[in-house]
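Each remark here refers to the structure printed beneath this line.
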There are 2 protein chains.
Amino acid sequence: MALGKNYEGQNCSLARALELVGERWTLLIVRDAFYGVRRYGDFLAHLDIPRAVLADRLATLVEANVLQRHRYQDSPPRDEYLLTDRGVELWSVIYPLWSWSERHFGEEEPLRTFRHVACGTELDPAGRCPACGGEVSPGDVEAHSGPRLPARPRRDPVSVALRQRPHRLLQPLF
Amino acid sequence: MALGKNYEGQNCSLARALELVGERWTLLIVRDAFYGVRRYGDFLAHLDIPRAVLADRLATLVEANVLQRHRYQDSPPRDEYLLTDRGVELWSVIYPLWSWSERHFGEEEPLRTFRHVACGTELDPAGRCPACGGEVSPGDVEAHSGPRLPARPRRDPVSVALRQRPHRLLQPLF
DNA sequence: AGGGTTGGTTCGTTGAATGAACTGACTAGG
DNA sequence: CCTAGTCAGTTCATTCAACGAACCAACCCT
């Protein structure tokens with residue numbers, strides 16, 4: 001399972017985008033960043049991704065200014081990976097893709113819902129709030145677990161935290 | 001360059017979606033289907049994709065009911081690949097990704113614009129029409145070439161046709 | 001000094017993408 | 001009828017990325 005990088009000569013912004021976020025694992029890393037995952041070890045445990053691939057993707061995303069690396073303690077030196085504005089704007093891609101998959105391949109009951117934090121209403125397929133009638137920025141979205149439970153629930157700390165309580169996107173998970 | 005297929009155990013619709021449309025080349029094939037590309041040979045010439053990979057992706061997309069295979073002549077037998085409703089709904093993923101890339105990595109002048117066919121207004125980043133104020137289905141979108149021209153323009157028939165005149169999405173290119 | 005945690009890097013193996021060659025069904029032209 | 005050409009693939013050897021286990025380095029705590 002590999003996803004290549006170059007779609008040169010396509011003269012197309014979509015191809016350019018896919019060279020960056022179309023690589024295997026990349027969009028799941030960004031999804032986790034929306035969930036508030038920030039540390040290498042947490043991405044690793046939540047994604048079951050090979051360590052070398054994770055390091056490579058994080059470096060690529062930082063270089064593309066989708067993530068920024070931020071030193072949050074000095075001793076021992078520890079960095080966290082945060083979404084930049086450019087990264088946050090990927091919500092308009094990630095949510096519709098999630099929603100498309102949920103509509104077409106999901107069970108009747110979803111494993112997760114995304115709700116407008118101001119009113120608790122589930123987002124529509126375009127990511128807007130049907131009650132308030134407008135766009136909802138990801139910072140105003142809360143991820144709720146259930147109603148359905150996964151057949152084989154994951155036991156890594158990220159999955160556990162997300163199952164335990166609703167979580168506002170972009171806020172740190174721990 | 002390879003993109004793997006399985007993200008098992010993720011308990012996430014996004015991962016499920018990426019197993020299908022996250023494979024290398026797949027989203028570019030779907031993009032071409034929106035442009036009205038329908039035949040194996042045209043996908044091949046427009047994408048510079050290895051023949052075996054194209055055949056594999058088309059079969060996968062047909063099996064997932066994103067594309068449908070339609071016999072359009074009997075002698076010699078020829079099939080075309082058309083977007084299903086499920087495939088058409090991917091517009092809500094493809095356009096925002098194109099738009100994100102255009103905003104963040106594009107030049108001042110784009111190579112292409114997408115306009116609401118009813119009023120000629122360029123779509124906003126969410127894919128809505130700022131003039132009419134509502135959602136625009138891909139069948140009501142026209143792809144316009146320019147204002148900028150590509151540095152090294154492609155000469156395959158699909159690229160030429162798309163440069164020559166505005167083209168309504170989902171309509172056959174030839 | 002020893003053991004644990006975190007965040008990587010290294011490297012041999014596996015598997016997918018690549019691209020050139022080949023195939024088979026059919027048509028068109030001479 | 002024979003030959004050339006088109007279209008839509010399949011086959012196969014090579015290349016390259018993903019995988020995953022092992023290793024490493026910095027730092028902490030006791």
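Note on naming: letters A, B, ... go to the chains in the order of the sequence lines (proteins, then strands), and numbering restarts at 1 for each one.
- Ala55(B) comes within contact range of the sugar-phosphate backbone alone, with a heavy-atom separation under 4.0 Å but no base atom that close.
- Annotation: side chain of Cys12(B) is in contact with side chain of Arg31(A) (closest heavy-atom distance under 4.5 Å).
- Each of Pro50(A) and Pro76(A) lies near DNA chain D, and the nucleotide nearest Pro50(A) is the one positioned closer to the 5' end.
- Taking only side-chain nitrogens and oxygens, Arg57(B) comes nearer than 4.0 Å to OP1 or OP2 of dA17(C).
- One can place CG of Asp48(A) at 11 Å from P of dA21(D), the figure rounded to the nearest angstrom.
- Contact annotation: Tyr40(B) side-chain N/O to dT6(D) OP1/OP2 distance is not under 4.0 Å.
- As a whole-Å value, the separation of Arg24(B) CZ from dA16(C) P is 15 Å.
- Residue-level contact check: Tyr81(B) touches the backbone only, with heavy atoms under 4.0 Å from sugar-phosphate atoms and none from bases.
- The nearest whole Å value for the distance from the CG atom in Leu54(A) to the P atom in dA17(D) is 18 Å.
- Among the nucleotides dC26(C), dA17(C), dT10(D), the one closest to the side chain of Val53(B) is dA17(C).
- Residue Trp25(A) places no side-chain N or O under 4.0 Å from the OP1 or OP2 atom of dA17(D).
- Taking side-chain N and O atoms only, Arg78(B) has no distance below 4.0 Å to OP1 or OP2 of dC26(C).
- Between the side chain of Asn11(A) and the main chain of Arg152(B), a donor-acceptor pair closer than 3.5 Å is present.
- Following rounding to the nearest Å, Asp56(B) (CG) and dA8(D) (P) show an atom-to-atom distance of 18 Å.
- Atom-to-atom, CG of Leu44(B) to C1' of dT10(D) comes out at 13 Å; the value is rounded to the nearest Å.
- Donor-acceptor pairing under 3.5 Å is recorded for the side chains of Arg115(A) and Thr113(A).
- The residue Arg71(A) sits apart from the nucleic acid: no heavy atom pair falls under 4.0 Å.
- Panel note: side chain Arg57(A), backbone Val21(A); no donor-acceptor pair is recorded below 3.5 Å.
- Atom CG of Leu28(B) and atom P of dA17(C) are 14 Å apart (whole Å).
- In this entry the distance linking CD of Glu23(A) with C1' of dA16(C) reads 14 Å, nearest Å.
- Under 4.0 angstrom from either OP1 or OP2 of dT10(C) there lies no side-chain N or O belonging to Arg51(A).
- Here Tyr72(B) does not reach the OP1 or OP2 of dC7(D): none of its side-chain N or O atoms lies under 4.0 Å away.
- With rounding to whole Å, Ile29(A) atom CD1 is found 11 Å from dA18(D) atom P.
- Listed candidates were dA8(D), dA18(D), dT18(C). Nearest to the side chain of Arg69(B) is dA8(D).
- Between the side chains of His104(B) and Glu89(A), a donor-acceptor pair is found at a separation under 3.5 Å.
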